[in-house]
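These notes are about the structure you will find just below.
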4 protein chains.
Amino acid sequence: MKNNKPKYNQIIEAAVKVIAENGFHASQVSKIAKAARVADGTIYLYFKNKEDVLVSVFEEKMGQFIDKIAEAISQKQNAEEKLYSLIEMHFRQLSDDYYLAIVTQLELRQSNYTLRLQINKVLKPYLTVIDSIIKEGMEQKLFRSNLNIPLVRQMIFGTIDEIVTNWVMKEQKYDLMSQVPEVHALLIGALSSKG
Amino acid sequence: MKNNKPKYNQIIEAAVKVIAENGFHASQVSKIAKAARVADGTIYLYFKNKEDVLVSVFEEKMGQFIDKIAEAISQKQNAEEKLYSLIEMHFRQLSDDYYLAIVTQLELRQSNYTLRLQINKVLKPYLTVIDSIIKEGMEQKLFRSNLNIPLVRQMIFGTIDEIVTNWVMKEQKYDLMSQVPEVHALLIGALSSKG
Amino acid sequence: MKNNKPKYNQIIEAAVKVIAENGFHASQVSKIAKAARVADGTIYLYFKNKEDVLVSVFEEKMGQFIDKIAEAISQKQNAEEKLYSLIEMHFRQLSDDYYLAIVTQLELRQSNYTLRLQINKVLKPYLTVIDSIIKEGMEQKLFRSNLNIPLVRQMIFGTIDEIVTNWVMKEQKYDLMSQVPEVHALLIGALSSKG
Amino acid sequence: MKNNKPKYNQIIEAAVKVIAENGFHASQVSKIAKAARVADGTIYLYFKNKEDVLVSVFEEKMGQFIDKIAEAISQKQNAEEKLYSLIEMHFRQLSDDYYLAIVTQLELRQSNYTLRLQINKVLKPYLTVIDSIIKEGMEQKLFRSNLNIPLVRQMIFGTIDEIVTNWVMKEQKYDLMSQVPEVHALLIGALSSKG
DNA sequence: TATGAATGAGTTTTCATTCAT
DNA sequence: CATGAATGAAAACTCATTCAT
């Protein structure tokens, strides 16, 4: 519903651009308003406050992000392939969107505790997707049966996230996509029942 | 040399406490000074500015942190045991220091880009320790010989860091130390030449 | 253009009053804002910073000051009369504006080098007016033909300025206007070709 | 008596140097102490407070300054020659002492009202010297008999002071001494009974 | 809906001065 | 006499948010 209003999206897109270009702490409401070609006050017609803008940026962008990953995964047959697909889609989407990568990996992490909690809430579905892959892998006997799901999920997410963050901090000087097979192999090694 | 001055350490300890209790953005210099039982101005006799206090907190604490890990590792014979020791010491030190865990996992990450770069510089030796374990494991034929060292290091650090962060965000409601064997097993699974 | 905004002038007038009453160094932005009946932040909508407020005070006030002198002079026929007019108008305007006299003679001189340079720039047109009177007097053979113009200008300005400053420091206890003829006579004596 | 203490003079000289090199507002007590090679606290054994240091700088330096002028004048026979001598000595002493010129013409004027009053008190004897020359000139019938002494004194001092200030602000790019004859001629023109 | 002028709370840092040694 | 570590008050400026139009 929110999304039908063109100004709403205008502001979201402007926020991503402004944060990516100026950094989290230099992204004043007035700067976002200017980039969105609306008045400062207009922002408060669509968002409760500045924090709401930032959370919404994350919600909108991560929503699409997760949806695409979920869809890609649904077309794969087994947990191994699904994990591959997840890594690939995760990397690809951030590889393809320069601004988004900076904003999610570096800038939005400078937010305060409240915002962080809300960001975690948005991430929940992604973590659930990871959990389901783990479960499926165990059911399919591809993964060891005694895996501690939350722990494994934290390993998978922590690994992927750290690799992307490193790539962003190195100013994306190397090719992220080419690392997919190795990352997948490492994680499969950790989970595989054949170990 | 710095450390011999008692006020210097008084301020560092106060900063950790204040940041842990109030959060990064609510940790005014005056609050730190009060907690250290010194005048506001005294802080500027020992530190260039507020950022210098924060960087120094990280330097001092992570310096000790890494030293202890390095020492523990040096007494182990092979890469597998060293990795176990690293995970254990990493978890134990943060497990034992409530404030430090909050500060390193949550609060200091809210810092700006400049501060982040300096924090990364402090972390460098830790990453080097991880690298050396990986190399040693490959030499000892315990780990696969074709490991991509930076990638593996990112997996190890990302995994450990994510697990600690989760534990801190869950308000340390569960026992972190009990997870050491499983984390070690997962990582060894990823690296082992026996896979 | 700036001047059309009522708040701009409100702030300028408040600044003159506050500086005259409290002295240069005790004229905080918050005090000026309060006197202008605006919020502190409003000052920064109209001025770049505090120094800009002070420079603008001088620009606005000296602009008018010099304009009035220039106009009065333009109606006089010869250099002698023009010099008389200049002294008279200079004294009259400061005589009539208690606050302005204190601000220009005492308070704004406490400014730092940067501000002083800008004040000098504003004064430039006034010095040019003096120069033109000297030149005209030489052309009209009323003044000696070999006058060193910068030097004579410095004598005229130095004399007038010192007399006004003395009057302000003596808390304007005597009548400044009554001194005009004598000051004029002295200066004419210095310049006159009849000497 | 003060002067017999070597540290007292050390501090005075350091203050002149520091003020000339750093400007009035950047001349902290600690900087003066360092330049004088004494501890900060030592300054307070010889001076009541910072203002006292500045006043003392002016007292010491202007005391010598005025003494030399008074002595030079005492050897001259008539008011015209005495005025010449006064101008020449005034210019020469500032011409010869780079730091002193900057400090008296530019930096010490940035002081507040209290300090200004004390500086004026120090200047009093100089103004008395000027007054006595004017009186003598009137008695000797060299000057007009109806001169308004305070006004003439203000003209003489205002002229000399403005010329020196201009020379200092122009970074002493030209020769001040060469202007003595013209300045003298102008002032004599203003005062002379032959006009 | 949309605007943007106005608000005012909030924080780092400096530096003259003191006083225990 | 001399030191210099410690003190703590004081002020410019930013920016999220409001509200009259």
Side-chain angles (χ1 to χ4, degrees), chain A residues 5-8 10-11 25-34 36-54, chain B residues 5-8 10-11 25-34 36-54, chain C residues 5-8 10-11 25-34 36-54, chain D residues 5-8 10-11 25-34 36-54:
Chain A
K5 316 222 181 183
K7 297 232 163 137
Y8 175 88
Q10 236 168 283
I11 293 165
H25 286 111
S27 296
Q28 298 86 344
V29 170
S30 62
K31 219 178 250 173
I32 295 172
K34 199 172 181 183
R37 296 176 177 275
V38 300
D40 294 15
T42 304
I43 292 201
Y44 292 86
L45 298 175
Y46 294 92
F47 302 89
K48 216 174 75 218
N49 51 32
K50 187 181 178 179
E51 184 168 307
D52 189 26
V53 177
L54 302 174
Chain B
K5 312 221 182 184
K7 298 248 157 114
Y8 176 87
Q10 233 167 287
I11 293 165
H25 287 111
S27 294
Q28 299 88 341
V29 170
S30 63
K31 222 177 249 172
I32 295 171
K34 199 172 180 183
R37 297 177 176 274
V38 299
D40 293 15
T42 303
I43 296 209
Y44 293 87
L45 295 177
Y46 295 92
F47 302 90
K48 219 173 71 220
N49 50 34
K50 187 181 176 179
E51 182 168 310
D52 189 28
V53 177
L54 303 175
Chain C
K5 312 222 181 184
K7 298 250 157 111
Y8 176 88
Q10 233 168 287
I11 293 165
H25 286 112
S27 295
Q28 299 88 338
V29 170
S30 63
K31 223 177 248 171
I32 295 172
K34 199 171 181 182
R37 296 175 177 276
V38 298
D40 294 17
T42 304
I43 297 213
Y44 293 87
L45 295 177
Y46 295 93
F47 302 91
K48 218 173 70 220
N49 51 33
K50 187 181 177 181
E51 183 169 307
D52 189 28
V53 177
L54 302 174
Chain D
K5 316 223 180 180
K7 298 230 164 136
Y8 175 87
Q10 237 167 283
I11 294 165
H25 285 112
S27 295
Q28 298 87 342
V29 170
S30 63
K31 219 178 249 171
I32 295 172
K34 199 171 180 184
R37 296 172 178 275
V38 298
D40 294 16
T42 304
I43 293 201
Y44 291 87
L45 298 174
Y46 294 92
F47 302 91
K48 217 174 72 219
N49 51 32
K50 186 182 178 181
E51 184 169 306
D52 189 28
V53 176
L54 302 174

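Below, chain A is the first sequence line, B the second, and so on; all start at residue 1.
F:dA6 atom C1' lies 11 Å from atom CD1 of B:Ile11, rounded to whole Å. When rounded to the nearest whole Å, the span between NZ of A:Lys31 and P of F:dA16 equals 10 Å. Rounded to an integer number of Å, the gap from D:Leu45 CG to E:dC19 C1' is 11 Å. Atom OH of C:Tyr8 and atom C1' of E:dA6 are 19 Å apart (whole Å). The interatomic distance linking B:Tyr44 (OH) with E:dT12 (P) rounds to 6 Å, in whole Å. A:Lys50 has its NZ atom 8 Å from the P atom of F:dT17, to the nearest Å.
Between B:Ala26 and D:Ser30, the residue anchored nearer the 5' end of DNA chain E, judged by the nucleotide with its closest heavy atom, is B:Ala26. Along DNA chain E, the nucleotide nearest to C:Gly41 and the one nearest to B:Asp40 differ in position, and the one closer to the 5' end is contacted by C:Gly41.
Nucleotide F:dT21 is matched to E:dA2 when pairs are restricted to Watson-Crick or G-U wobble geometry with both distances under 3.5 angstrom.
Looking at the side chain of C:Val38, the nearest of the listed nucleotides E:dT3, E:dT11, E:dT7 is E:dT7. Of the candidates E:dA2, E:dT17, F:dA2, E:dT17 carries the atom nearest the D:Asn49 side chain, counting heavy atoms from C-beta on.
The heavy-atom pair separating D:Asp52 from D:Phe47 by the smallest distance is OD2-CA, 3.4 Å. Summarising the geometry of D:Asp40 relative to D:Ala33, their closest heavy-atom pair is OD1-CB, 3.5 Å, with the distance given to 0.1 Å.
C:Val29 comes within contact range of the sugar-phosphate backbone alone, with a heavy-atom separation under 4.0 Å but no base atom that close.
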